[in-house]
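Note sheet for the following structure.
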There are 2 protein chains.
Amino acid sequence: MSFVNLKQLAGELGLSSSTVSRAMRDSYEISTATRERVQTVARQLNYQPNPFAGSLRNNVTKTIGVVLPQVDNHFFSLAINGIEEVAQQNGYHVLIYLTHDSGEQEKAVAKYLTGGRVDGVLMALASGTRSVAHLEKLRQRGLPLVLFDRVSDSLNTATVTTDDYTSSYQATEHLLRAGSRTIAHLQVSGTLSIGNKRLHGYMAALHDHRIPYDAGLVLNGSGSNADSLRKIKNLLQQRPDIDGIFASVERLALSSYQACQQLGRAIPQDIKIVGFSNMETASLLAPSLTTITQPAYAIGKEAARILFQSIIKHKPVLPAHSMVLKSELVARASTATL
Amino acid sequence: MSFVNLKQLAGELGLSSSTVSRAMRDSYEISTATRERVQTVARQLNYQPNPFAGSLRNNVTKTIGVVLPQVDNHFFSLAINGIEEVAQQNGYHVLIYLTHDSGEQEKAVAKYLTGGRVDGVLMALASGTRSVAHLEKLRQRGLPLVLFDRVSDSLNTATVTTDDYTSSYQATEHLLRAGSRTIAHLQVSGTLSIGNKRLHGYMAALHDHRIPYDAGLVLNGSGSNADSLRKIKNLLQQRPDIDGIFASVERLALSSYQACQQLGRAIPQDIKIVGFSNMETASLLAPSLTTITQPAYAIGKEAARILFQSIIKHKPVLPAHSMVLKSELVARASTATL
DNA sequence: TTGAAAGCGTTACCAC
DNA sequence: GTGGTAACGCTTTCAA
């Protein structure tokens, strides 16, 4: 077993590097005979082209960067599945970076990425992100960028999101119809647009049902799971009139379950709960959880598809390429009417 | 905002590329004055070294490859968290590849990786993997390789695993003590060592409790979720005497729940269930699931740590570096005695 | 303390 | 149809 480079392979074949290079890439200007001879020997000698030499020469990395807040989360891991699949189809490699929802880490990653390590970037913003200046740099550098799920509107690029406003409106209305009157809203971030849209859907539903908006019912649930649990328990104790919870992310729905369990509140009798979630096992919870399910896998695929169209056609990613996919409300026992 | 390379930066400074290169890398042979001047201007001009030029020159990629069967799975996503953290600490980038449990895809990925794209590889084998010849090539190429969780013993390298035999023994014994007598075992793979160890722990516990081993109670649950569900339902219908299930992976435990739900078998009254799982929400299931929880995050961290020690010290990864971490059995309602 | 030049492995232009 | 050569951006001898 040996490992050779192009030059050695050429030597072995009694050909020049240029010819071998062309033969390996199925160039039309090479005779079928030599092409086959070259490829056979290349296989025998286990020739593998050095990817960095090619990248250096052609300014093409065949790699995309994926920047995510977390991965231990059904939404993001499904999205990665979609992304990876499209990347593999296109012969691309996937670099993954986790920000753990820290704006600082996101900045650091963006800086790496401006170094030219990738041909394009897919990103879901960290909840800790305030400014998007670091992403502007990416774009100035000419790197296509597609944001998904946790997006910013102040960036002149494509986004792939779900109909957050509408589905939040529906979720809230669902609670109202099930009989809830005092509905808490658990946010994941006050700064990301996703947080705002979900909040506004909630507010609009309340308004349409003539229920006054009460800012004291909106909780920012960022931080660790333990933090969230504590905050939710506090809220439920201070506001015993709460009879419904709308959790804007899966994690907070589950923390709500735990809070209710620990405080002895019965779901759905005392409190009804609905949450965004991509758990396959929502139906196996006690009680089964009413969810708004996002098409996470499709989101990943579409975001990747938009990115690759830009990369391959050498055209910028435009806001006009943005997509909005539909989420689905699945009613289960946690919002059952009594 | 401009983007410059080393030569342009040198031109701007009125210095040679060599000097600037040295100054950027804090070489001792550069005067403090010039070093600071260089670094200041570099920051101003937004200089980012081309990573491929460096890799080509130094034969170092500052990148590791992580090859996984799936990522939409609590165990693997927690492991990635651990891996990514250690990689970031060491200033390394992480390329991720999903095999979807296909041996063919794993081979293809291994081939990419032998191309010199990474400095080392972390891997959990696909259940579809039969031979490990493609991994031998990685090692012959001189690439450090650390296997975790789904490992092969026939490869002369380090592995990070949990005490699968012991915890399977405990899980089975737990079911026996809870009163189960006819216990099905749901395997994920008959070929991976993890499958064998878990099977043998199960068999040993049966043996020690003088219960004859019955091969008809062992089910191979590979394939899609729908496949698994169908197989499990079949088994339960053909063998109505089954009063216990030991699922060797999380997915199969959940499919068992669904099977029982659909067949109207009560857990734990009719059938008791224990499964390997890293779900945070095992306690929220109906009924709450008795689990063997693996230290997934720690496994990822340790595997990465072993890999980086090898990369940084330029020493091979040896079987002697292997680690076995402990899993924890958490008894919950799904195995409660009546 | 600094500079010139070779070379990492590949591709693409230009000859032939 | 094939070969020579320059160039991608960087680091590292070797010289000065």
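Below, chain A is the first sequence line, B the second, and so on; all start at residue 1.
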Think [X] has a side-chain N or O under 4.0 angstrom from the OP1 or OP2 of [N]?
X: A/Ser18; N: D/dG3; answer: no
X: B/Ser17; N: C/dG3; answer: no
X: A/Thr34; N: D/dT2; answer: yes
X: A/Ser16; N: D/dT2; answer: no

Rounded to the nearest Å, what distance is computed from the [atom1] atom of residue [X] to the [atom2] atom of nucleotide [N]?
X: A/Leu6; N: C/dG7; atom1: CG; atom2: C1'; value: 16 Å
X: A/Glu29; N: D/dT2; atom1: CD; atom2: P; value: 10 Å
X: B/Arg22; N: D/dA15; atom1: CZ; atom2: C1'; value: 11 Å
X: B/Phe52; N: D/dC8; atom1: CZ; atom2: P; value: 17 Å
X: B/Asn5; N: D/dG9; atom1: CG; atom2: C1'; value: 6 Å
X: A/Tyr47; N: C/dT10; atom1: OH; atom2: P; value: 4 Å
X: A/Asp26; N: D/dG1; atom1: CG; atom2: P; value: 14 Å
X: A/Asn50; N: C/dG7; atom1: CG; atom2: P; value: 18 Å

Shortest non-hydrogen contact between [X] and [Y], atoms and distance:
X: B/Pro69; Y: B/Asp101; value: CB-OD1, 3.3 Å
X: A/Val118; Y: A/Gly65; value: CG1-N, 3.6 Å
X: B/Tyr92; Y: B/Ile64; value: CD2-CG2, 3.9 Å
X: A/Leu135; Y: A/Leu145; value: CB-CD2, 4.2 Å

Using 30° and 60° as the class limits, which term best fits the ring planes of B/Phe75 and B/Phe148: parallel, tilted or perpendicular? tilted
Using five pairs at each end of the helix from C/dT1-D/dA16 to C/dC16-D/dG1 to define an axis, what is the angle between those two axes, to 10°? 40°
By nearest-nucleotide position on DNA chain C, the 5'-leaning member of B/Tyr28 and A/Gln48 is B/Tyr28
Between the base of D/dG9 and the side chain of A/Arg57, is one N or O donor paired with an acceptor at under 3.5 angstrom? no
Examine the base of D/dG1 for any acceptor or donor lying under 3.5 Å from a partner atom in the side chain of A/Arg35, and report the outcome as yes or no. no
Restricting to side chain to side chain donor-acceptor pair (under 3.5 Å), what partner residues turn up for A/Ser17, sequence neighbours left out? none
Which residues share a side chain to side chain donor-acceptor pair (under 3.5 Å) with A/Arg305, sequence neighbours left out: A/Glu302
Would you mind telling me which of [options] lies closest to the side-chain atoms of [X]?
X: B/Ala53; options: D/dC10, C/dT11, D/dT2; value: D/dC10
X: A/Asn58; options: C/dT10, C/dT11, D/dT2; value: C/dT11
X: B/Arg25; options: D/dT12, D/dG3, C/dA12; value: D/dT12

How far apart are the C-alpha atoms of A/Arg117 and A/Thr61, what are their side-chain angles, what is the distance that settles it, and do they pass the side-chain hydrogen bond (donor to acceptor under 3.5 Å, both in side chains) test? CA-CA 7 Å; A/Arg117 191 174 290 272; A/Thr61 68; over 6 Å; no
